[in-house]
Protein chains: 2
Amino acid sequence: MTTIRDVAKRAGVSVTTASYALNDTGSIGEATRKRVLEAAEELNFHPNAFARNLKRRKTQTIGVFISRFSGSFYEEILEGIHSVILETDYELLVCPESRSTRRILLHRQVDGAIVFDRKITNDQVLKLASRRFPIVVLDRDLQNDFILPLLLDNAQGVREAFRHLYNQGLRRMAFVAGALDALDNAERMETFLSEAKRQHLHVPVCQGNFTEVSGYEAAHLLFQSAQLPQAVFCANDQMAFGFLRAMKERGLRAPDDLAIVGFDDIPLARHMQPSLSTIGASRFEWGATAVRQLIDFLDNETPFQPLRLSTRFLARQSSTLNAELPPALGATHDSALSS
Amino acid sequence: MTTIRDVAKRAGVSVTTASYALNDTGSIGEATRKRVLEAAEELNFHPNAFARNLKRRKTQTIGVFISRFSGSFYEEILEGIHSVILETDYELLVCPESRSTRRILLHRQVDGAIVFDRKITNDQVLKLASRRFPIVVLDRDLQNDFILPLLLDNAQGVREAFRHLYNQGLRRMAFVAGALDALDNAERMETFLSEAKRQHLHVPVCQGNFTEVSGYEAAHLLFQSAQLPQAVFCANDQMAFGFLRAMKERGLRAPDDLAIVGFDDIPLARHMQPSLSTIGASRFEWGATAVRQLIDFLDNETPFQPLRLSTRFLARQSSTLNAELPPALGATHDSALSS
DNA sequence: ACATTGAAGTGAAACGGTTCACTTCATTCC
DNA sequence: GGAATGAAGTGAACCGTTTCACTTCAATGT
């Protein structure tokens, strides 16, 4: 392992000079600089990141904390983050939930963090965030000078979805809720119910927890009620998927027997049979925005700009009555595979 | 930022003692140890990872180098890796292709690497790998004491697929090839063609590059030939997907007009209409095996054990003639969403 | 009674960079 | 001609740990 001392020796200069030359700092003559760079090249020198970070107290790295890799939900967010990182001189460290999370966060192995992992508590985030360690949170409404929440505009998409159902003459609606502690769930439910209320509709709520199975179970519960609803809004796509499975088993068809709407626009949604109406946002843009703001804060102390990511309702087969929608595949395969 | 010195001072011991106590090394009295740990707790002390790594010359971190996040191809591999990491005292650093790759690899910010990114050259891998820096490669056939290739057993699955087609009486077959420089493509093609040869079949080859579009284009090329083949094997699912799109546009149906088989078993494959016959491997197991061997090498110097990951053919609608296959969704949704 | 042992604890030198404060020396200015 | 300036380069402290080599001292063996 060659060190900067080796380089300095070979170039016939002091370690200081070598460091300045390699980092393009200090004032070093052109000839000397060249000699140092050549020596470094010849010795295949690469500065030890630990020594450097230890001294600089900066890592030039952004940490992203997610709960897991699968689900293709994070995928696009990560892609967005990655695409921005590529244009900066920062590096990216992705950390799935585990002990590591604590370690990396606490040991300051990154200069800033993007958090999308409910296992990390609000308290932890609050305690960690500081001018020297800004944090962007994607999954909670937590905010101060050093914490930027970047959330979905749940209300917008849900309102559109409600209108879509309502305008088709559907009146008996039900809501399948996700995890109780999730902000997104609360907002989606709150919006849906209040829209319904404005139309003097009462909407029963089935409690789920965002998993496919809980959607399946919610469906069974609803099937037992005296009168089937005409439309069901599920707080996310996974539950909608489970709900549709239960319907299929019962011989019920969407949208004719029951119109279904989900939330998230997971990749599968457009490929299902019937394709699933849902509410989507650009997760790519989400990730990109997060890291852009974070780096802007780190480099220029630009104050955080909270904002809500716009969502939009996507009418597909599962909720669109008597429409001549093209079959899912033919209509959408292109963008589906473009990723 | 509190340091070990603060802890030592508070506990009324030397820095050395504090370090030994915190790391459970050296020989330290029970009472003293307790006092140190308490002091650390009270001061909310967390050792600086850079200083530690600098001194220890070990990072206790495994680096995974992939070319990108999307495609849901890496997803399961990462999950597999992650699941093993969770049970060890190693951490995980996932690095999408970029300058970072070079930096992290060269600067030894990780103790070992798992490489799945063709942008990293064989030369680089060879130069980097050493007893102190073992590397597992998932995308190339490169091997020495410190480099472990973990590849798919392409032949096995492809052979099964060929038989499946052949046993249904199909004789006119074509092959859509992927990127020329890819080992996987070479092996799949080689196997398919030699199986065909044994049956005295001649199989024309259309060159593609693993992308959906290249599959689409390959289809158009084939459509111009005098006689349509009865079965087409695509070297991966993406191309098969493009091929099916072209067929649809032409009013051709799989499997009746043309039986289609892909390779990879991407999540979409089972959800398409028709569902896509393909060849799959447990990518989860793939990742898990890789990291297990790597850590075993690092911790115990266990020599690398090259092996091929078994693959299996999955008969689905796109290639199964006159069969009563259940509809894709009903049959498979459970495992599809279980992730 | 004295050497031996081993547990408990310590001082200081690393690890490999960065950077502050400083020197040297040629050039410019008045 | 002497002070002022500034470019080029250097020595050494420092970042926060770990760990080698060492001391101290009570307990043990003979």
Side-chain angles (χ1 to χ4, degrees), chain A residues 1-37 39-40 43-61 89 103-104 106-111 132-133, chain B residues 1-40 43-61 89 91 103-104 106-111 132-133:
Chain A
M1 200 82 302
T2 109
T3 76
I4 199 173
R5 264 159 255 274
D6 304 327
V7 174
K9 192 172 294 174
R10 177 159 195 132
V13 297
S14 72
V15 170
T16 308
T17 304
S19 176
Y20 283 147
L22 289 167
N23 292 300
D24 225 337
T25 51
S27 76
I28 301 294
E30 203 36 59
T32 316
R33 152 166 294 119
K34 201 164 240 163
R35 238 179 326 127
V36 172
L37 294 182
L43 295 174
N44 194 26
F45 166 76
H46 294 282
N48 178 305
F50 300 121
R52 164 176 285 181
N53 290 336
L54 174 57
K55 183 64 188 173
R56 283 202 184 151
R57 292 149 151 242
K58 190 140 198 286
T59 66
Q60 210 60 227
T61 302
D89 55 349
R103 267 201 249 170
I104 291 179
L106 291 171
H107 300 192
R108 292 296 152 71
Q109 295 197 49
V110 292
D111 292 345
R132 310 220 19 95
F133 194 78
Chain B
M1 201 82 298
T2 108
T3 76
I4 201 173
R5 260 161 259 274
D6 303 326
V7 175
K9 192 172 295 172
R10 177 160 195 130
V13 297
S14 72
V15 170
T16 307
T17 305
S19 176
Y20 284 146
L22 290 167
N23 292 302
D24 224 338
T25 53
S27 76
I28 301 293
E30 203 35 60
T32 315
R33 154 167 294 122
K34 202 164 239 168
R35 238 176 329 124
V36 172
L37 294 182
E38 271 169 24
L43 295 174
N44 194 26
F45 166 77
H46 295 281
N48 179 305
F50 300 121
R52 163 175 286 180
N53 291 335
L54 173 58
K55 185 63 191 175
R56 285 200 183 152
R57 294 148 150 242
K58 189 142 199 281
T59 66
Q60 210 59 234
T61 302
D89 54 349
E91 312 202 2
R103 267 200 247 170
I104 291 179
L106 293 172
H107 301 192
R108 292 296 153 73
Q109 295 196 48
V110 292
D111 293 343
R132 311 220 18 94
F133 194 77

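The chains referred to below are lettered A, B, ... by the order of the sequence lines, with proteins before strands, and numbering in each begins at 1.
With rounding to whole Å, B:Asn53 atom CG is found 12 Å from D:dT18 atom C1'. C:dA7 atom C1' lies 15 Å from atom CG of B:Asp24, rounded to whole Å. If you measure from atom NZ of B:Lys9 to atom C1' of D:dG16, you get 14 Å, rounded to the nearest angstrom.
Qualifying salt bridge (Lys or Arg N to Asp or Glu O under 4.0 Å) partners for B:Lys34, counting only residues two or more places apart in sequence or in other chains: none. Shown here are the salt bridge (Lys or Arg N to Asp or Glu O under 4.0 Å) partners of B:Lys55, two or more places apart in sequence or in another chain: there are none. A:Thr16 pairs by the side-chain hydrogen bond (donor to acceptor under 3.5 Å, both in side chains) definition with nothing, not counting sequence neighbours. In this view, B:Phe45 and B:Thr2, B:Ile4, B:Val7, B:Leu22, B:Ala40, B:Pro47 satisfy the side chain to side chain contact (heavy atoms under 4.5 Å, CB included) rule, not counting sequence neighbours. Partners of A:Thr61 by side chain to side chain contact (heavy atoms under 4.5 Å, CB included), not counting sequence neighbours, listed by chain and number: A:Thr59, A:Glu91, A:Leu93, A:Val110. Residues passing the side-chain hydrogen bond (donor to acceptor under 3.5 Å, both in side chains) test with A:Arg57, sequence neighbours excluded: none. Partners of B:Thr25 by side-chain hydrogen bond (donor to acceptor under 3.5 Å, both in side chains), not counting sequence neighbours: none found. Considering only residues two or more places apart in sequence or on other chains, A:Arg35 meets the salt bridge (Lys or Arg N to Asp or Glu O under 4.0 Å) condition with none of them.
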Can you tabulate the close N/O pairs, meaning under 3.5 Å, that link protein atoms to atoms of nucleotides 5-7 of chain D?
none

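Overall, the helix from C:dA1-D:dT30 to C:dC30-D:dG1 carries an axis bend of 40° between its ends, with five pairs at each end and the value rounded to 10°.
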Under a 4.0 Å heavy-atom criterion, the protein footprint on nucleotides 15-22 of chain C, written with B, S and -, is BBBBBB--
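Legend: salt bridge (charged side-chain N to carboxylate O under 4.0 Å, His left out) pairs involving residues 3-17 of chain A, not counting sequence neighbours, sorted by first then second residue: A:Arg10-A:Glu42.
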So B:Gln60 and B:Asn53, side-chain contact (heavy atoms from CB on, under 4.5 Å) or not? Walk me through it.
CA-CA 9 Å; B:Gln60 210 59 234; B:Asn53 291 335; 5.9 Å; no
